[in-house]
Amino acid sequence: MKQQIMIDRVSGLGKRDFYENFVHRNQPVIITDITRHWKALNDWDFDYFKNNFGGIQAGTMMLDGEKCDVNTYSETAGGRAEVAAVITALQRGFPYADRVIASPLESFPKKIKQDYVIPEYCAGGKFLRSRIYIGPGGVVTPLHQDLPENLYVMVKGKKRIILYPPEDKKYLYPNSLFSRHPNFSRTDPERPDYQKFPKSKYAQPCVVELCAGEALFIPSFWWHHLRNLEPSISINFWWSRGWKLVLAWTAAAYKKRRNA
Ligand SMILES: O=C(O)CCC(=O)C(=O)O
């Protein structure tokens, strides 16, 4: 029997402790006081984005039912849409809401940076990038893993996030290495199919509910599945370290060429 993974909620965590106890140990943690001085915590809601950034073209992902269809996401082409139009549809609800915003920070004007403070844990981090996610209640991002370290900050709403450690990969049936999305699993942690994916019963999920104002550190290669329990807005901070940095640059260059 594997030991149950516990994810602590902490505050007042210094950068050194963060690296020693969590980054270097590849251990997730929820930090509760990152957003203390963020204007975004008060201001960000669907209307704020409509009123302040309504005219911009942001990256989006189409929904297939309640699931984000990652195949439709592109940082540079196709999946872009006007923020006001997407949010108006989200406010009308399903079936009008047919896509969510999942956009690189650079799509937004620079003034958006006044709304938050880059957390000290990743400020100055190599290859630091952010994406903003805006979606209605119910929406799911399927189970996947990413190369960078990820500080995932809930600004509005609430998400249920199911995590698995990287070593559970053998139970999670990832897509083929040669597919478009080799980092996605074919299993659904919310509806496990043990007939089709028998080894998935050995995977050990760890479930957290992340509330507005809280940040979840998702270490590199940890698997994560996210469900909006409420209409939600979040921003993540991805950064890379050591040998993974080379991979991150290579993957980004490859993606840029593919999407051009
Ligand atoms: O917010 C979401 O639903 C997706 C976020 C995500 O997959 C990530 O930060 O890696």
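Being a predicted model, the structure only gives us computed values, none of them experimental. Remember, it's 1-based here, ligands and their atoms both numbered in the order they're listed.
Between R9 and E214 there is a salt bridge, with a side-chain nitrogen of the basic residue lying less than 4.0 Å from a carboxylate oxygen of the acidic one. Ion pairing between a basic and an acidic side chain is recognised when a charged N comes within 4.0 Å of a carboxylate O; R227 and E190 show such pairing. The pair R99-D69 does not meet the salt-bridge criterion, since no charged nitrogen lies less than 4.0 angstrom from a carboxylate oxygen. Comment: E20 does not engage R25 in a salt bridge, judged by the lack of any side-chain N to carboxylate O separation of less than 4.0 angstrom.
Where the criterion is an N or O separation shorter than 3.5 Å, residue side chain and backbone included, S234 fails it with respect to ligand 1.
For ligand 1, the atoms sitting less than 4.0 Å from at least one non-hydrogen atom of Y152 are 1 (O), 2 (C), 5 (C), 9 (O), numbered in the order shown with element in parentheses.
Under 4.0 angstrom from ligand 1, the non-hydrogen atoms of D146 all belong to its side chain. Residue-level proximity to ligand 1 for I218 is absent, since no heavy atom of it falls below 4.0 angstrom. Under 4.0 angstrom from ligand 1, there are no non-hydrogen atoms of R131.
D45 places a side-chain N or O within donor-acceptor distance of the main-chain N or O of D47, the cut-off being under 3.5 Å.
The 12-atom threshold is not exceeded at NZ of K196, counting heavy atoms of other residues, nucleotides or ligands nearer than 6.0 Å.
Annotation: atom 6 (C) of ligand 1 to nearest protein heavy atom, Y133 OH, 3.7 Å.
Here atom 8 (C) of ligand 1 lies nearest to N150 when heavy atoms of T141, L226, V100, N150 are compared.
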